[in-house]
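As structure tokens, the structure follows; a few thoughts come after it.
In each ligand, atom 1 is the first atom listed, and ligand 1 is the first ligand listed.
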Amino acid sequence: MRFDIITVLPSLLESPFAHSILQRAQKKGIAEIHVHNLREYAVNKHKSVDDYPYGGGSGMVMQIEPFAQCIEKLQSERTYDEIIYMTPDGVTLNQEMANDLSTKENIIILCGHYKGIDQRIRDVFVTREISIGDYVLSGGELPAAIVVDAVVRLIPGVLSDETSALSDSFQDGLLDAPIYTRPAEWRGHRVPDVLLSGNEAKINEWRDEEQLKRTKDRRPDLLKD
Ligand code: ADE
């Protein structure tokens, strides 16, 4: 699977993809992540990629042409399944969406800045608009990194124990049960006896109950369906 991320701040995206699972996925050749500097596609001599909004108002707007140039260059090299724009007015990212995106081959992600991007980029090129939550960040880079992380870890072969992505919170519509490791007792706080019992059926039953309890308590909205 391949991601092409278009941004004015490529260095902001160096670290998130250079460690742990995302680094391993790239080393294994399962995921390719390419970051493109939008300024290289600027059409004026000052290399600016933004301009004043028509109709007035505060803030600058990212221009169409640099995005169009970069997107069309990429499209001339391969076919893309999705062109995603990260924006707080998009559809909120959830596990189902991440699962769906993990089945795609090639995805472009556009990162906005300033006031946002010219609406015509959204009308002409964008196939999906994704938000990571109801709050506004300074740009789309961190949201883009979150989408890539949520998606890449789901591709078969990325996690060493494939079942661990399947047992994540949300995969079955529920939050995870509490987890523990050694020591069995720490400052008087004991791990629940059932987890030390070695009885797999009882452990699974306990985990199911705890998942349901935690979900009811913290995210009752998940149980509505
Ligand atoms: N850009 C700025 N804020 C954002 C958000 N909450 N989600 C996605 N992209 C954004």
Side-chain angles (χ1 to χ4, degrees), residues 1-19 21-22 31 33-42 48-55 57-71 74 80-104 106-155 168-171 175 218-219 221-222:
M1 178 172 196
R2 174 180 171 124
F3 284 94
D4 289 276
I5 305 175
I6 307 177
T7 167
V8 284
L9 289 175
S11 57
L12 193 52
L13 287 169
E14 275 164 22
S15 175
F17 305 139
H19 305 278
I21 288 166
L22 289 185
I33 305 167
H34 301 267
V35 178
H36 306 273
N37 188 349
L38 186 67
R39 276 189 210 290
E40 289 173 14
Y41 299 85
S48 67
V49 293
D50 59 340
D51 209 334
Y52 293 98
Y54 275 124
S58 62
M60 301 293 274
V61 179
M62 296 178 83
Q63 295 173 295
I64 304 182
E65 197 53 30
F67 274 114
Q69 296 278 332
C70 186
I71 293 168
L74 291 169
Y80 285 88
D81 305 294
E82 298 277 358
I83 300 181
I84 297 171
Y85 174 47
M86 302 308 308
T87 172
D89 53 25
V91 179
T92 309
L93 179 68
N94 61 18
Q95 193 62 49
E96 197 183 341
M97 199 190 294
N99 292 346
D100 178 37
L101 291 173
S102 74
T103 65
K104 313 281 181 187
N106 300 312
I107 293 179
I108 292 176
I109 303 183
L110 312 181
C111 304
H113 261 268
Y114 320 115
K115 218 43 205 159
I117 66 177
D118 189 304
Q119 180 60 39
R120 290 166 292 181
I121 303 167
R122 301 166 76 162
D123 297 342
V124 173
F125 294 108
V126 169
T127 59
R128 262 188 209 227
E129 301 193 330
I130 301 179
S131 163
I132 59 156
D134 290 343
Y135 42 84
V136 178
L137 300 171
S138 354
E141 286 75 15
L142 299 178
I146 285 169
V147 168
V148 173
D149 188 305
V151 170
V152 168
R153 62 195 301 287
L154 298 172
I155 306 171
D168 282 343
S169 273
F170 300 110
Q171 280 297 9
L175 303 184
R218 299 180 181 189
R219 293 293 306 276
D221 56 300
L222 294 176

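- Closest to atom 3 (N) of ligand 1 among all protein heavy atoms lies L137 N, 3.0 Å.
- To the nearest 0.5 Å, the span separating CD1 on I117 from CG on D50 amounts to 13.0 Å.
- S58 approaches P53 most closely through the heavy-atom pair O-CG, 4.4 Å.
- Numbered from 1 in the order shown, with element, the atoms of ligand 1 that lie under 4.0 Å from a heavy atom of G133 read 6 (N).
- Using a 4.0 Å cut-off between charged nitrogen and carboxylate oxygen, D81 and R128 do not count as a salt-bridge pair.
- The protein non-hydrogen atom at the shortest distance from atom 6 (N) of ligand 1 is Y135 O, 2.7 Å.
- Atom CD1 of I121 sits about 9.0 Å away from atom CD of Q63, to the nearest 0.5 Å.
- Counting all heavy atoms, side chain and backbone alike, P88 lies closest to Y135 at CB-O, 4.1 Å.
- The line from CG of L93 to CE of M86 is 7.0 Å long, rounded to the nearest 0.5 Å.
- Under a 4.0 Å criterion applied to the non-hydrogen atoms of P143, ligand 1 contributes the atoms 8 (C), 9 (N), 10 (C).
- In the vicinity of I130, heavy-atom distances shorter than 4.0 Å reach the ligand 1 atoms 8 (C).
- With a 4.0 Å cut-off on non-hydrogen atoms, D134 does not touch ligand 1 at all.
- Atom 7 (N) of ligand 1 has I132 N, 3.0 Å as its closest protein atom, hydrogens excluded (heavy atom only).
- Here S131 has heavy atoms under 4.0 Å from ligand 1 in both its backbone and its side chain.
- Test V8, D51, D118 against M62 for side-chain contact (heavy atoms from CB on, under 4.5 Å) and you get one pass: V8.
- The distance from the CZ atom of F3 to the CD1 atom of I84 is 7.0 Å, given to the nearest 0.5 Å.
- Taking distance alone, with nitrogen or oxygen atoms compared against 3.5 Å, V136 stays at or beyond that limit from ligand 1.
- By the 3.5 Å distance cut-off applied to N or O atoms, S138 is not counted among the residues near ligand 1.
- Among protein heavy atoms, atom 9 (N) of ligand 1 sits closest to T87 N, 3.2 Å.
- What you find for I109 and A144 is that their closest heavy atoms are CG2-CB, 3.8 Å.
- Under a 4.0 Å heavy-atom criterion, G139 is in contact with ligand 1.
- The closest protein non-hydrogen atom to atom 4 (C) of ligand 1 is P88 CD, 3.6 Å.
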